Amino acid sequence: MDVLGLLAIFGLGAFELWAAIPAGMALQLHPVTIVVTTTLGAIAGIVLVTLAGERARVWLERWLSRAAGTNGQGRVARVWTRYGVVGLGLLSPLLVGAPIGTIVGMTLGAPMGRLLFWMSLGAALCSAGLTLIGMMGLMGWQSLGQ
């Protein structure tokens, strides 16, 4: 197994699963290797954002206040009220990426332990699901060529 390829998949996973998983498939890595490497990369990104979070939190807080509006009834406020840290953790790795989701959670005051748990679980589930879908797509594509 190529160590540079694994490091690349890990690094991509820290930023965006949508890029890391196809790259792992292009490198012809085993699906379990793709899931584990991208998940670990995403968790590393989550932890890095958490450690460097204050500057990111301040920036995002300003951005969210404009997006949510001053009355707190904007889209972000409604989503947070409805789904909380669990919904954010499970959906954000898929929708906006784990680092951005972590910053959003920190900005909205999510308890750090719960945020890290749900973001990590969301990254693992999204990585597994996207890899499964990608591998099924490749198998279907290959079966068309026979």
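Values below: all heavy atoms of this structure, side chains included; hydrogens, waters and symmetry mates excluded. Since we're looking at a predicted model, the values are computed, not measured.
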Considering all heavy atoms of both residues, which atom of [X] and which atom of [Y] are nearest to each other, and what is their separation?
X	Y	result
Cys126	Leu17	CB-CD1, 3.8 Å
Met135	Pro31	CE-CG, 3.5 Å
Ala42	Ala98	O-CB, 4.3 Å
Trp18	Leu94	NE1-O, 2.7 Å
Thr39	Val35	OG1-O, 2.7 Å
Ser120	Ile43	OG-CG1, 3.7 Å

To the nearest 0.5 Å, what is the distance between [atom1] on [X] and [atom2] on [Y]?
X	Y	atom1	atom2	answer
Thr37	Leu7	OG1	CG	9.5 Å
Phe10	Thr38	CZ	OG1	10.5 Å
Leu91	Met119	CG	CE	10.0 Å
Met25	His30	CE	NE2	12.5 Å
Leu27	Ile9	CG	CD1	5.0 Å
Thr102	Leu51	OG1	CG	11.0 Å

Are [Y] and [X] connected into the same hydrophobic cluster when the rule is that any two of I, L, V, M, F, W, Y join if their side-chain heavy atoms are below 4.5 Å apart?
X	Y	result
Leu90	Leu108	yes
Leu125	Leu95	yes
Phe117	Val85	yes
Leu121	Val104	yes
Ile100	Val86	yes

Counting C-beta onward and ignoring hydrogens, is there a side-chain heavy-atom pair between Pro99 and Ile46 closer than 4.5 Å?
no
Quick one: side chain to side chain contact (heavy atoms under 4.5 Å, CB included) partners of Pro22, sequence neighbours excluded?
none
Quick one: name the residues clustered hydrophobically with Leu12, using the 4.5 Å side-chain heavy-atom rule over I, L, V, M, F, W, Y, and just say none if it's on its own.
none
Please check this pair: side chain of Ser143 against backbone of Gly140, looking for a donor-acceptor N/O pair closer than 3.5 Å.
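Here the side-chain-to-backbone pair exists.
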If the test is side-chain contact (heavy atoms from CB on, under 4.5 Å), which one of Thr33, Ile34, Val36 qualifies with Leu6?
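Looking at Thr33, Ile34, Val36, the match for Leu6 under the side-chain contact (heavy atoms from CB on, under 4.5 Å) is Thr33.
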Intermediate values then yes/no, side-chain contact (heavy atoms from CB on, under 4.5 Å), Tyr83 and Leu88
CA-CA 7 Å; Tyr83 301 109; Leu88 177 72; over 6 Å; no
